[in-house]
*Asks:* 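Have a look at this one.
Residue numbering restarts at 1 for every chain, and letters A, B, ... go by the order of the sequence lines. Note: hydrogens, waters and symmetry copies are ignored here, and every other heavy atom, side chains too, is used.
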Amino acid sequence: MMDSGFDRRDFLKVMGWSGAAVALSGCGNTSIEDGKETLVSYVEAVDYQIPGVGVYYNSSCAQCDAGCSINGKVREGRVLKLEGNPASAINRGKMCGLGQAGVQHHYNPDRLREPLLRNGGSGETITWEKAYALISEKLKGVSGEEIAFLSGVVSGHLKVLLGNYLSSLGSKNHFVYEALAPGVVRAANKKAYGVEMPRYNISKAKVVLSFGADFLGAWVSPVHFSQQYAQFRKGVDGQRGVLIQVEPKMTLTGANADRWVPIRPGTEGILALGIINALGIATGDIAAAVKGYDKARVSKETGVPPGHIDKIAAILKLRSPSLVLAGGAAEGYAHGSQNAAAINLLNHVLGNVGKTVEASAAVPFPQMAPAKGNTAALKSLNDGLAEGKYKVLFNYAANPVFTAPGAMKFKDNMAKAGFKVAFAHYMDETALQADLVLPLESALEDWGTQVPEYMAEGAQINILQPLMENVHPNTRSIGDILLALLKQSRAEEYKNYEDFYAYLRSALVQNKAALGGHAMDEDAFWNETLTKGIIKLVGTTAALSGKAGISGLKLPAPAEIDEQYPLQLIPSVNISLRDGRHTNQPWLQESPDPLTTIVWDSWMEIHPKKAAELGIVEGDIVEITSRIGSIKTQAYLFPGIHPDAISVPIGQGHEAMGRYAKGYGVNPLKIMDAVFDRETGELAMHETRVKVSKTGQRVIVVKDESAAGAKQIREKIAGRVYTDNVDLTKEV
Amino acid sequence: MSISNLLENWSKFRHTHPVDDKPHDPYKWAMSIDLDACSGCNACSVACYAENNLPVVGKEKYAHGQVMHWMRIEHYWDEDVGEEGGREFPDQGAQFLPMMCQQCEAAPCETVCPVGATNHTEDGLNSQIYNRCIGSRYCSANCPYKVRYFNWFNYPTTDNVWPAEMVQQLNPDVTVRGKGVMEKCTFCVQRLRAAEVTAKSEGRLVHDGEVQTACQQACPTSAISFGNLVDQESRVHRQWRAQQVELDKDKQAKDDHEEPSELRGYRILENMRPYPSVMYLERVRESAI
Amino acid sequence: MSQRHLLALYSNFNEAEAVVEELRSTQIKGFDVDKDLIVKSPIEHPEVEEFLGDKPVRVQWFTLGGALMGGLLGFFLISAAQGNFYAQFKGGKPIVPFPPNFVLTYEMFILGGVFITVLGFLICAGLPARRSPLYSANVSEDQIGILVKSDESAANTLKAIFTKHHALEIQEEAGR
Amino acid sequence: MKDIREDIAWAKINQDVLKSLENPRKLYWVILFVAIAMLGVALGCEVYQYNVGMGVSNMDNPHMWGLYIASFIFWIGMSHSGTLLSAILHLMHADWRKPIYRFAEAMTTFSLMTAGLFVAVHLGRVWQIYYALPYPNERGAWPNFQSPLLWDAMAIFTYLSSSIIFLYVGMIPDLAICRDRMHEGWRKKLYTLLSLGWEGTDRQWRNFRVTYLTVACFLIPLAVSVHSIVASDFGMSQQPGWHITSFPPYFVAGALYSGCAAIITLFIILRYVFRFEEYMTLPILKKIVRLTFAIAMVWTYLNAVEFASVWYSHDQASKDVLIQKASGTYAPFWWGMIFCGSVVPLTLAFKRIQTNIPVLFAVSLLLNLGMWLERWMIVAPTFSHGIYPWTWDHDQWPSFVQWGMVFGSFGWFTLLFMVFCKVFPSVSMYEVKEMVYHRSQESKRLEETGKFAAAGKGAH
């Protein structure tokens with residue numbers, strides 16, 4: 001792709017410079033500032049650029065943590081569109097909507113452009129030098145104990161560098177917080193299979209029984225699972241895969257299921273044990289333990305009709321291998337670990353472990369493996385902040401002020417930290433509380449490596465490389481910043497690295513033998529790596545070691561209906577907004593929620609039966625009150641939810657961040673109780689109980705579906721056949 | 001000159017283009033969408049926004065129904081769900097349907113445009129000429145699928161549609177449309193033209209898989225396939241043939257058979273005779289569960 | 001020989017008719033009743049045509065020509081426009097389709113007919129016309145005028161006939 | 001209840017009508033002022049819509065057409081009764097049309113001009129409207145002759161130009177009267193120019209008679225074709241509620257209906273404003289009212305036929321649209337249309353109402369309202385309940401811009417019409433003379449044959 005020795009930064013600078021100039025002529029929609037930009041003729045073309053011809057660079061998507069590889073189209077120095085990189089085993093050239101919107105993060109008009117220092121109520125623009133000096137000054141005389149670093153998921157060389165920085169400060173307080181992490185499931189998997197995230201081979205399964213795992217929507221690695229799902233539907237041995245989804249609120253995966261089973265919130269484990277009992281193939285102590293879970297009792301406690309339990313058991317027995325998944329809806333309770341354990345037990349009983357639940361490959365560099373985020377970390381940070389333990393708080397890639405449950409009072413506690421530094425892309429809720437805000441490059445401008453938590457086939461290291469010159473010249477790479485901060489105390493050690501790029505290159509090139517480049521010289525290896533955007537490794541495979549144990553599995557009886565707060569609040573995960581960090585990307589705001597088609601707002605899903613009971617109709621503004629507080633939003637009558645639950649999507653309700661996010665919708669996390677899983681200490685997302693009351697106002701719900709409720713009445717619009725015998729593998 | 005030309009080429013002008021006596025050659029772009037694979041995730045729609053410079057209209061205009069999504073994901077629930085006496089839950093899921101311009105062979109929109117801004121192309125597309133359009137909106141009024149979108153406002157100059165930075169993302173291969181013109185899915189005609197021209201300059205035809213539409217390229221479940229229906233070897237051609245769906249029929253031969261078949265291919269509103277170029281494959285639902 | 005115009009006004013059609021009858025029956029040298037007599041009336045009156053004798057009206061021929069021309073032009077111009085310029089391919093329809101062109105041909109047929117009929121009217125009625133030598137505003141109100149052109153010599157005879165039938169007013173003017 | 005006096009002096013006819021050109025009642029100026037104000041509202045709306053985009057009208061996908069197209073049909077329809085009075089009744093020798101056909105013909109012309117404006121107002125890019133005109137151009141691209149909208153344009157152009165010509169030709173003898181009677185000034189010059197030197201010679205009259213008759217013959221099929229073509233804008237589509245066989249006659253009947261109702265309204269206004277009591281007599285009004293009643297019943301019948309054929313067919317989509325019209329968002333307007341269009345005209349069957357001017361005025365306005373609603377109910381419901389269920393029942397309400405434009409169009413029409421009536425004789429003088437002449441001849445003849453006592457008297 002490039003001559004060896006050619007400095008990529010310079011190359012990009014050239015491209016970027018010309019990009020800014022040529023952008024003028026590119027579209028009819030450019031604003032030109034008089035005298036500030038020069039009209040450049042194509043006759044004086046810039047090297048490495050053919051006007052009108054796009055070049056493609058491989059990089060990695062940073063919109064979520066699934067680790068998809070992307071292929072960016074660059075024209076005249078501007079990145080235009082992201083496609084999937086077909087070479088990646090994770091996404092195989094495919095992209096989700098969230099990933100596509102990465103360019104809107106990159107070009108977002110609300111991105112931070114300059115370092116800002118709090119000056120009373122407002123921010124004062126300062127230089128980077130001053131910012132670094134300030135950090136150095138604030139860290140002086142502060143012990144490592146008093147420093148906390150909060151981040152989202154970090155992996156690869158950034159994680160290494162961050163670790164080094166913290167150790168240079170003498171601090172061990174790295175809190176990795178991920179608002180929507182499958183923390184409980186990881187722990188349960190560790191127990192049941194010996195690994196936190198085994199490889200779920202959906203494409204091999206003939207039946208997938210998913211307890212609230214929205215693997216097509218927002219769970220773990222949705223693009224990868226979507227491809228597996230497509231194969232699964234085509235079927236193995238001429239038998240089309242059957243998907244059964246058990247959850248109280250229909251997710252995208254539930255909407256695609258052959259049978260969607262609404263269940264009383266929190267009783268997933270009971271159903272899992274009931275199915276084991278109904279299967280009747282378990283032996284020994286398992287059989288004994290599930291004996292009590294007879295159909296009548298399970299049906300009564302879960303609300304699932306006995307017929308369904310029979311059918312599920314029958315099909316699982318008939319078609320093997322199958323796969324049972326435990327997801328967000330099952331783990332979000334104080335007894336979440338128990339639920340997940342019961343569900344995982346089902347895989348053991350069905351003999352799926354080793355067949356569809358496989359050992360996963362790991363990168364042979366444990367220091368690069370992702371620091372997995374969870375919500376327990378937030379709790380301990382919050383407790384520490386509340387005690388006033390921390391004098392300096394760093395924050396990167398997390399927005400706890402927005403995502404922490406209201407009961408935690410994170411914002412108040414954060415104020416107790418002495419000096420708060422936020423590395424941020426937007427002036428989001430957390431950055432707004434910081435004393436020093438440092439603007440970051442977007443993922444399309446930055447260098448880095450990424451190690452995905454969920455590996456598809458073999459192990460891989462994803463390369464992040466700039467697709468174009470910085471949109472805002474004064475933003476910096478998080479790597480560069482950490483390196484600069486590191487040099488404050490360990491200048492000697494890092495003097496060879498001019499910047500993060502140099503660090504990254506030398507780190508990878510030094511290990512080229514281990515990275516599959518032993519036969520190549522350094523430049524060739526480096527160019528090859530950048531061209532491919534992925535380093536594929538054989539990886540180490542940890543064998544599955546867990547066993548089917550039932551000891552310690554104790555499921556509580558379903559919770560009693562609370563008279564005062566009779567409904568269960570399900571803060572649902574919207575497939576494009578996720579935890580709200582992408583809300584300011586207008587494509588995502590205007591991308592309708594697949595199940596309700598509502599855009600640009602929050603809503604409360606409520607079952608029509610319950611709504612009729614409460615006298616609520618679509619568009620009623622309702623007040624949802626928990627012990628913590630209340631929010632007001634529009635009601636949407638949705639039959640895909642258990643009548644005992646209501647659901648409000650996460651991601652809206654920003655009070656800051658930018659023009660496309662601020663002021664739209666409400667944040668259900670604001671009224672969330674701080675209840676934790678008893679075993680893992682993870683936040684129980686579904687344990688908040690609420691009451692709903694009408695406010696008397698009514699609005700027209702802004703959505704794409706027709707008011708008639710999206711039913712096809714006359715013509716065959718979306719066709720469907722019912723059959724238990726179809727061989728799709730024969731199809732073209 | 002004009003009358004003599006008219007008389008000399010009379011038979012050419014009287015051809016009914018193209019469904020019966022003048023088949024497409026060498027290209028007829030067509031699509032097939034497997035609804036069993038489609039998960040309704042909206043990736044195609046966002047990809048379309050990125051590729052085709054679609055404006056984000058904002059909440060207020062969305063509320064007015066002025067959204068511009070060329071590719072929209074529809075979902076349908078079973079009729080009895082939530083109705084009195086019906087099922088309480090949609091326990092067989094939703095049915096998702098990606099809906100965009102069906103590139104009809106005998107498009108109802110084409111004949112009614114007073115200025116001829118929408119026409120049939122030689123490679124079987126239903127084209128829209130933006131700078132010819134005067135905005136009578138008759139085409140949309142006549143579209144059975146309602147997949148034509150009108151520029152109710154001048155989006156390029158509307159606040160927050162494309163702020164200065166986002167302008168740089170706009171695809172230079174695609175026009176940014178001003179107010180008062182109709183637009184719709186083009187099957188990513190800019191990609192098709194580029195591929196056709198490349199193939200022509202290399203003295204060959206576009207081979208299958210060489211060109212992808214943006215929606216097809218993004219689709220995580222590969223539910224969309226796209227290609228040249230004339231090419232016997234193309235995946236689309238093989239799919240259409242395997243499903244026994246023929247382009248110029250308003251009722252497929254297989255539909256006359258009473259016995260259940262494994263063929264899932266159908267076209268929407270076929271009986272109205274627009275001869276759509278998009279074949280859908282029915283979603284399958286397991287009856288054993 | 002010099003000519004003279006005379007205009008006599010009458011208050012009703014019966015008198016005017018009587019005058020014309022008498023002029024017709026009387027042989028006057030230098031006055032030809034078919035050529036030199038014009039009756040002006042405030043309303044269209046079929047009896048005037050009757051007593052003036054059969055005079056042909058040729059407007060219909062214009063109508064026929066106009067309508068046919070309009071129709072033919074309509075069809076061929078439209079077909080030629082469809083065939084000779086940028087062809088507008090419409091799926092399922094030929095480039096020169098008959099049903100729509102027939103609709104337009106029909107409209108052009110009427111358009112041609114109306115326009116050429118009116119043109120024919122102007123030509124046949126000699127409009128726009130220069131004002132005739134003698135005119136009375138009373139003609140447009142309620143009186144019937146008889147305008148004659150004759151040799152100088154016949155003027156007195158004519159005047160006598162006019163007066164005999166109770167002419168309300170007689171105007172005369174030396175001719176060119 | 002007096003009809004026009006047979007013995008009325010012809011000079012008085014001239015005098016009375018010419019007076020209308022000079023001093024109408026004060027109400028005239030009030031009407032003119034109000035009309036200009038209304039037009040101002042529409043102009044403001046258009047400027048706003050032109051600058052910001054069609055979106056300000058609140059139209060959307062799928063509601064691509066709104067009040068503009070509905071009003072377009074309304075105004076086109078209104079024009080038809082002018083042709084009815086001037087052409088059809090002329091061929092039938094109905095002499096009572098003579099005092100009123102002139103203003104009816106003017107109404108035809110001006111309502112067509114109003115309708116034409118709605119086409120422009122409706123377009124998303126009105127500045128490119130010339131693309132739709134069939135003329136040889138450097139672009140090498142002609143409009144699409146297959147589009148019913150182009151047929152519309154062609155038909156309207158033909159109809160408008162023919163109507164103007166017909167109006168003008170029929171007015172030439174009257175212009176000559178104006179020329180003869182008007183004192184010096186710009187008007188005199190205008191009339192002199194326009195009267196083309198008409199002197200009422202036998203040759204002029206002879207050709208005039210044939211021409212007038214011929215053009216009248218052309219106008220009748222033309223008028224029918226114009227509204228059939230407007231009907232085909234809808235009928236040619238495949239949309240439910242539009243794709244209906246009976247649409248062309250239904251549209252034509254509706255057109256005549258709304259036109260007649262408008263004639264009653266304008267008759268009453270003109271009669272008062274220009275003091276035409278002696279010419280626009282109650283017996284004439286009575287005849288128009290009876291004609292209106294008959295057409296109302298034809299329209300009602302065709303309406304019923306439409307419903308029945310939809311109901312009886314297996315076209316479920318059309319059936320749904322019909323049900324939705326009667327029970328959905330538009331139900332109040334749809335029922336309003338039925339009430340105003342089919343129930344209100346029943347009052348016209350009563351003799352006492354047939355000559356009761358205040359009641360007739362109110363009734364005629366209601367009929368017009370009903371007919372306007374009819375057009376709206378043709379256009380709008382199909383959009384909110386078409387073939388494709390995804391876009392059903394999406395609520396849409398026209399914005400003030402649309403309403404303002406509709407409101408203003410009445411001002412524009414009134415302005416044109418009122419100015420016309422002030423500049424040109426709105427009662428045909430020569431034809432009123434013909435009418436009284438023939439009537440007096442007839443009664444004289446009857447008297448002579450002794451039948452007068454038996455038959456004649458009762459007629460008046």
*Asks:* Tell me, for B:Pro55 versus chain A, whether the close heavy atoms (under 4.5 Å) come from the side chain, the backbone, both or neither.
*Replies:*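 Backbone only.
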*Asks:* Could you walk me through whether A:Arg259 and B:Gln92 pass the side-chain contact (heavy atoms from CB on, under 4.5 Å) test, one step at a time?
*Replies:* CA-CA 5 Å; A:Arg259 179 65 65 183; B:Gln92 278 163 322; 3.9 Å; yes
*Asks:* Let's test your reading of the structure: which of B:Ile268, B:Leu269, B:Leu54 forms the most heavy-atom pairs below 4.5 Å with chain A?
*Replies:*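 Most heavy-atom pairs under 4.5 Å with chain A: B:Ile268.
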*Asks:* To the nearest 0.5 Å, what is the distance between CD1 (B:Ile73) and CG (A:Leu595)?
*Replies:*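 It is 12.0 Å, given to the nearest 0.5 Å.
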*Asks:* Measuring only between side-chain heavy atoms, which start at C-beta, is A:Val261 closer than 4.5 Å to B:Asp91?
*Replies:*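 A side-chain contact under 4.5 Å is absent here.
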*Asks:* Taking the side chain as every heavy atom from C-beta outward, state whether A:Pro639 and B:Arg87 have any pair of such atoms under 4.5 Å apart.
*Replies:*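 They are not in side-chain contact.
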*Asks:* Assess the side chains of B:Glu286 and A:Tyr722: does a donor N or O sit below 3.5 Å from an acceptor N or O?
*Replies:*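 Distance-only check fails for B:Glu286 and A:Tyr722.
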*Asks:* What option among A:Thr253, A:Val702, A:Val103, A:Asp258 has the most heavy-atom pairs under 4.5 Å with chain B?
*Replies:*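 Sorted descending by pairs with chain B, the first entry is A:Asp258.
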*Asks:* Regarding A:Asn256 and B:Ser39, do their side chains bring together a donor and an acceptor under 3.5 Å, going by distance alone?
*Replies:*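 A:Asn256 vs B:Ser39: no donor-acceptor pair found between side chains.
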*Asks:* Would B:Lys59 count as a cation-pi partner of A:Tyr664, with NZ or CZ less than 6.0 Å from the six-membered ring centre and within 45° of the ring normal?
*Replies:*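 No - B:Lys59 does not lie over the ring of A:Tyr664 by the 6.0 Å and 45° rule.
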*Asks:* For A:Arg319, is the CZ atom crowded, meaning more than 12 foreign heavy atoms sit under 6.0 Å from it?
*Replies:*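 More than 12 heavy atoms, drawn from other residues, nucleotides or ligands, come within 6.0 Å of this atom.
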*Asks:* By a 4.5 Å heavy-atom criterion (distance strictly below it), what part of B:Asp34 contacts chain A: side chain, backbone, both, or neither?
*Replies:*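 Side chain only.
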*Asks:* Rounded at 0.5 Å granularity, tell me how far CH2 in A:Trp587 sits from NE2 in B:His69.
*Replies:*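 With rounding to 0.5 Å, CH2 (A:Trp587) is 16.0 Å from NE2 (B:His69).
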*Asks:* So which atom in A:Ala101 and which in B:Val46 form the shortest heavy-atom distance, rounded to 0.1 Å?
*Replies:*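 That closest heavy-atom pairing would be N-CG1, 4.4 Å.
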*Asks:* Looking at A:His607, A:His224, A:Arg240, which has the largest count of heavy-atom pairs under 4.5 Å with chain B?
*Replies:*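 Ranked by contacts with chain B, first place is A:Arg240.
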*Asks:* To the nearest 0.5 Å, what is the distance between CG (A:Asp601) and OH (B:Tyr62)?
*Replies:*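 Between atom CG of A:Asp601 and atom OH of B:Tyr62 there are 12.5 Å.
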*Asks:* Counting only heavy atoms closer than 4.5 Å, note whether B:Cys44 contacts chain A via side chain, backbone, both or neither.
*Replies:*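 Answer is neither: B:Cys44 stays 4.5 Å or more from chain A.
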*Asks:* Counting heavy-atom pairs under 4.5 Å to chain A, which of B:Ser222, B:Ala63, B:Ala50, B:Gly178 comes out on top?
*Replies:*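 Highest number of pairs under 4.5 Å: B:Ala50.
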*Asks:* Minimum heavy-atom separation for B:His75 and A:Pro594, please, with both atom names.
*Replies:*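 Heavy atoms only, the tightest pair is ND1-O, 2.7 Å.
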*Asks:* Does any heavy atom of chain B fall under 4.5 Å from the side chain of A:Val471, the backbone, both, or neither of them?
*Replies:*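 Side chain only.
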*Asks:* Among A:Leu728, A:Ile717, A:Val599, A:Leu243, which has the most heavy-atom pairs under 4.5 Å with chain B?
*Replies:*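 Winner by heavy-atom pair count: A:Ile717.
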*Asks:* I need the residue from A:Pro109, A:Ala230, A:Gly54 with the largest number of non-hydrogen atom pairs under 4.5 Å to chain B.
*Replies:*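 Highest number of pairs under 4.5 Å: A:Pro109.
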*Asks:* Apply the test side-chain contact (heavy atoms from CB on, under 4.5 Å) to residues B:Tyr76 and A:Arg720: give CA-CA distance (whole Å), side-chain angles for both, the deciding distance (0.1 Å), then the verdict.
*Replies:* CA-CA 11 Å; B:Tyr76 294 97; A:Arg720 179 165 65 180; over 6 Å; no
*Asks:* Charged N to carboxylate O below 4.0 Å: is that the case for B:Asp173 and A:Arg75?
*Replies:*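 A:Arg75 and B:Asp173: salt-bridged.
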*Asks:* Apply the test salt bridge (charged side-chain N to carboxylate O under 4.0 Å, His left out) to residues B:Glu88 and A:Lys609: give CA-CA distance (whole Å), side-chain angles for both, the deciding distance (0.1 Å), then the verdict.
*Replies:* CA-CA 8 Å; B:Glu88 194 180 352; A:Lys609 203 171 84 179; 2.8 Å; yes
*Asks:* State, to 0.1 Å, how close A:Leu252 and B:Phe96 come at their nearest heavy-atom pair, and which atoms those are.
*Replies:*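 Nearest pair, atom of A:Leu252 first, then B:Phe96: CD1-CZ, 3.7 Å.
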*Asks:* So which atom in A:Gln100 and which in B:Ala43 form the shortest heavy-atom distance, rounded to 0.1 Å?
*Replies:*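 In this case the closest contact between A:Gln100 and B:Ala43 is CG-O, 4.5 Å.
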*Asks:* What part of A:His472 gets within 4.5 angstrom of chain B, counting heavy atoms only: side chain, backbone, both, or neither?
*Replies:*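 A:His472 touches chain B through side-chain heavy atoms alone.
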*Asks:* For B:Val57 and A:Trp600, run side-chain contact (heavy atoms from CB on, under 4.5 Å): C-alpha distance rounded to whole Å, both residues' side-chain angles, the deciding distance at 0.1 Å, then the answer.
*Replies:* CA-CA 11 Å; B:Val57 300; A:Trp600 288 100; 5.8 Å; no
*Asks:* Between CZ of B:Arg264 and OG1 of A:Thr723, what distance do you get to the nearest 0.5 Å?
*Replies:*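 If we round to the nearest 0.5 Å, B:Arg264:CZ and A:Thr723:OG1 are 11.0 Å apart.
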*Asks:* Does any backbone or side-chain atom of A:Gln245 lie under 4.5 Å from a heavy atom of chain B? Answer side chain, backbone, both or neither.
*Replies:*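 Neither part.
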*Asks:* Is the closest side-chain heavy-atom distance between B:Met166 and A:Gln104 below 4.5 Å?
*Replies:*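 Touching, per the 4.5 Å side-chain cut-off.
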*Asks:* For a quick test of reading the model, state the closest non-hydrogen atom pair linking A:Ala718 to B:Leu35 and the distance between them.
*Replies:*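 Taking A:Ala718 first and B:Leu35 second, the nearest heavy atoms are CA-CD1, 4.3 Å.
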*Asks:* Would you mind reporting whether B:Pro220 and A:Asn91 have side-chain heavy atoms less than 4.5 Å apart?
*Replies:*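 Counting from C-beta outward, A:Asn91 and B:Pro220 never come under 4.5 Å.
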*Asks:* Minimum heavy-atom separation for B:Phe89 to A:Pro643, with atom names?
*Replies:*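 Heavy atoms only, the tightest pair is CZ-CD, 3.6 Å.
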*Asks:* So what's closer than 4.5 Å to chain B heavy atoms on A:Pro262: side chain, backbone, both or neither?
*Replies:*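 Contact with chain B: side chain only.
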*Asks:* Checking heavy atoms, do the side chain of A:Thr596, its backbone, both or neither come under 4.5 Å from chain B?
*Replies:*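 Interface part for A:Thr596: backbone (N, CA, C, O).
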*Asks:* Start with the C-alpha gap between A:Asp704 and B:Arg72, add the side-chain angles, then the distance that decides, and say whether salt bridge (charged side-chain N to carboxylate O under 4.0 Å, His left out) holds.
*Replies:* CA-CA 9 Å; A:Asp704 199 43; B:Arg72 62 174 186 241; 5.2 Å; no
*Asks:* Check whether any side-chain heavy atom of A:Met468 sits under 4.5 Å from a side-chain heavy atom of B:Gln168, and report yes or no.
*Replies:*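 Yes, at least one pair of side-chain atoms sits under 4.5 Å.
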*Asks:* Can you find a heavy atom in the side chain of B:Asn42 that is under 4.5 Å from one in the side chain of A:Ser576?
*Replies:*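 Side-chain contact under 4.5 Å: no.
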*Asks:* OH/A:Tyr660 to CG/B:Asn160 distance, rounded to the nearest 0.5 angstrom?
*Replies:*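 So the OH of A:Tyr660 and the CG of B:Asn160 are separated by 4.5 Å.
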*Asks:* Among A:Arg111, A:Gln227, A:His308, single out the residue with the greatest number of heavy-atom pairs under 4.5 Å to chain B.
*Replies:*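 Heavy-atom pairs under 4.5 Å are most numerous for A:Gln227.
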*Asks:* Side chain, backbone, both or neither: which part of A:Ile700 has an atom under 4.5 Å from a heavy atom of chain B?
*Replies:*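 When you check distances to chain B, no heavy atom of A:Ile700 falls under 4.5 Å.
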*Asks:* Quick check on the interface: out of A:Lys311, A:Glu83, A:Arg233, who has the most heavy-atom pairs with chain B under 4.5 Å?
*Replies:*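 Heavy-atom pair counts peak at A:Glu83.
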*Asks:* Non-hydrogen atoms of chain A under 4.5 Å away: do they reach the side chain of B:Tyr49, the backbone, both or neither?
*Replies:*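 When you check distances to chain A, atoms from both the backbone and side chain of B:Tyr49 fall under 4.5 Å.
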*Asks:* Heavy-atom distance under 4.5 Å to chain A: side chain of B:Ala242, backbone, both or neither?
*Replies:*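 When you check distances to chain A, only side chain atoms of B:Ala242 fall under 4.5 Å.
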*Asks:* For B:Trp162 and A:Tyr107: C-alpha separation, side-chain torsions, deciding distance, then whether side-chain contact (heavy atoms from CB on, under 4.5 Å) applies.
*Replies:* CA-CA 10 Å; B:Trp162 288 298; A:Tyr107 289 123; over 6 Å; no
*Asks:* So B:Glu74 and A:Lys703, salt bridge (charged side-chain N to carboxylate O under 4.0 Å, His left out) or not? Walk me through it.
*Replies:* CA-CA 11 Å; B:Glu74 299 173 359; A:Lys703 56 176 186 170; over 6 Å; no
*Asks:* Hey, are A:Arg659 and B:Asp159 close enough for a salt bridge, meaning a charged N less than 4.0 Å from a carboxylate O?
*Replies:*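 The answer is no: the pair does not qualify as a salt bridge.
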*Asks:* Going from CG on B:Leu170 to NZ on A:Lys81, what distance comes out if it is rounded to the nearest 0.5 angstrom?
*Replies:*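 Going from CG on B:Leu170 over to NZ on A:Lys81, the span is 14.0 Å.
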*Asks:* Is A:Ala257 close to chain B through its backbone or its side chain, or both, or neither, when contacts mean heavy atoms under 4.5 Å?
*Replies:*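 The answer is the backbone of A:Ala257.
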*Asks:* Are any of the side-chain nitrogens in B:Glu270 or A:Lys716 under 4.0 Å away from the carboxylate oxygens of its partner?
*Replies:*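 Judged by the 4.0 Å cut-off on N to carboxylate O distance, B:Glu270 and A:Lys716 do not form a salt bridge.
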